[in-house]
2 protein chains.
Amino acid sequence: MTGAVAAATSRAAREPKYYAVKRHLMALIEAQPPGQPVPTERVLTTELATSRTTVRRALADLVAEGRLVRRQGCGTFVAEPKLTWPLQLTSFTEQAAAHGFRASTRLLSARRQPATDEVAGRLQLIERAPVYRLERLRLADDRPIALETSYLSAIRFAGLLGRLRRTGSLYRVLTERYQVVPTAADETIETAPASPRQAELLDTDTGAPMLVLGRHSFDAAGDPIEWVRSWYRGDRYTFVAQLRGR
Amino acid sequence: MTGAVAAATSRAAREPKYYAVKRHLMALIEAQPPGQPVPTERVLTTELATSRTTVRRALADLVAEGRLVRRQGCGTFVAEPKLTWPLQLTSFTEQAAAHGFRASTRLLSARRQPATDEVAGRLQLIERAPVYRLERLRLADDRPIALETSYLSAIRFAGLLGRLRRTGSLYRVLTERYQVVPTAADETIETAPASPRQAELLDTDTGAPMLVLGRHSFDAAGDPIEWVRSWYRGDRYTFVAQLRGR
DNA sequence: GGTCGCTAATGGTATAGACAACTTCGGGAC
DNA sequence: GTCCCGAAGTTGTCTATACCATTAGCGACC
């Protein structure tokens with residue numbers, strides 16, 4: 001079955017009409033400073049002799065790239081450049097401090113529940129073993145940065161929820177009360193559209209492209225400590241990692 | 001100006017209608033094996049008493065997540081799970097081999113041109129200094145994986161294009177002919193929609209979400225060697241990095 | 001038996017329009 | 001002068017429709 005490949009290679013590079021509109025807009029905003037308004041949808045519709053749907057598709061692309069910002073009832077504006085976000089540091093507070101931000105955390109929910117198949121596998125637990133599920137909103141200078149969902153074994157870390165409510169920092173509780181230090185981690189990075197809830201908490205739109213960071217951390221014995229998925233706005237952040245040596 | 005923040009926190013979690021359709025579809029495909037067809041757009045439109053636009057929006061979300069695959073004239077099907085792609089190895093061939101793929105490369109274009117401001121800055125060259133621009137399509141088992149655009153100084157690596165055409169591997173040419181070995185690199189990861197050209201080469205749709213990897217590599221003296229941007233299909237790949245020690 | 005071409009069904013693109021939600025701004029009431 | 005309310009203009013959501021591009025299947029023809 002080479003049908004798919006043959007179709008792909010023979011497929012002409014047809015440019016959708018919305019992409020011509022997008023290129024028109026890119027030329028318009030190229031040298032414009034952040035905050036500068038672009039023409040309204042209706043103006044673009046008449047100027048470019050097209051439909052509002054087509055204009056909106058082009059605008060949506062540029063919003064997804066982080067080059068435009070739209071505000072309902074107000075207009076569409078050139079966006080601030082993306083911010084870089086360092087990877088490969090264990091603690092969110094460290095990451096924020098490394099770039100001069102004041103980090104804070106809002107605990108959205110913390111509960112004990114049976115593990116799903118995926119979580120049980122990640123934490124090397126038996127099916128439906130009890131786990132803690134923490135949902136936290138990470139902020140830098142009081143602006144929402146990321147939405148994190150963590151899973152930890154409720155057996156191994158019995159009493160974690162109460163201790164966490166008192167001290168606030170999961171990292172400190174793990175090291176000081178449980179003598180657990182992560183020594184290795186597997187990190188995964190992918191992209192996915194935002195759910196309505198995620199969009200609301202991160203002040204963006206449902207379906208907006210997100211960068212999803214997964215961290216699977218292990219202690220010195222090689223046992224899994226936690227499994228975390230962090231959702232960042234893809235239109236606002238670029239992840240940066242520094243690699244040294246071979 | 002706290003208006004934006006106030007609006008964000010007070011904004012109710014209103015679920016668009018398309019998201020209800022998306023949840024309906026997620027329930028449908030949850031336990032389905034890859035390749036299984038889902039109902040056609042027109043069937044879903046009548047079954048869910050909505051418009052085709054709304055159905056298509058939900059389907060587009062699931063395609064962006066890599067959970068569905070659509071083929072014009074054929075139908076919509078449950079997708080294969082995403083593939084993982086290792087980061088933090090210098091050579092594409094190494095990365096592919098690490099996961100059991102046979103890597104190959106198609107040189108799409110190679111030319112000498114004056115540097116743009118961004119490229120000149122990255123390579124620490126004066127404005128409009130001559131650089132080589134290489135565009136390569138990376139394949140694994142003859143399937144397109146990534147589209148790479150590299151920039152190198154045409155002064156420092158004079159004669160590179162000819163040597164590259166003879167040997168094929170940029171990495172080998174750099175080490176053997178120029179005695180240059182990358183010892184450090186800054187990597188950036190972001191997400192952006194595919195252009196028509198990128199979509200055609202990677203066998204996907206214009207506007208599809210991509211993972212964009214930037215690599216800025218340096219030699220032992222700290223001088224920049226090359227600046228590369230690699231585009232991967234976000235619906236098909238998850239990047240994986242392993243972190244050891246602190 | 002093989003091949004060509006037609007047809008039906010699918011997803012892809014584009015249009016026009018209605019209404020909702022939200023912001024801004026100015027005029028009128030107090 | 002201050003406050004409130006409404007009008008106008010903006011983006012957000014959803015609908016209905018038309019036509020195009022591609023595919024698979026089938027039947028007629030050679």
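Computation of the quantities below employed the complete heavy-atom set of this structure, encompassing side-chain atoms and omitting hydrogens, waters and symmetry-equivalent molecules. Letters A, B, ... mirror the listed sequences (proteins, then strands); counts begin at 1. These numbers come from a predicted model, not from an experiment.
- Following rounding to the nearest Å, B:D203 (CG) and D:dT22 (C1') show an atom-to-atom distance of 14 Å.
- Salt bridge status for B:E15 with B:K22: absent, with no side-chain N to carboxylate O gap under 4.0 Å.
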Quick one, give me the B/S/- string for nucleotides 5-14 of chain C, reading 5' to 3', where B means a protein heavy atom under 4.0 Å from the base and S means that only happens at the primed atoms, P, OP1 or OP2.
-----BBBBS

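- Between A:D61 and A:R67 there is no salt bridge, since no side-chain nitrogen of the basic residue lies less than 4.0 Å from a carboxylate oxygen of the acidic one.
- B:F239 pairs by the ring-ring contact (aromatic ring centres under 6.0 Å, His included) definition with B:Y232, not counting sequence neighbours.
- B:V228 pairs with exactly one of B:E148, B:E187, B:R122, B:R136 by the side-chain contact (heavy atoms from CB on, under 4.5 Å) rule, that one being B:E148.
- Listed by chain and number, the residues in a side-chain hydrogen bond (donor to acceptor under 3.5 Å, both in side chains) with A:Q113 are A:R111 (sequence neighbours excluded).
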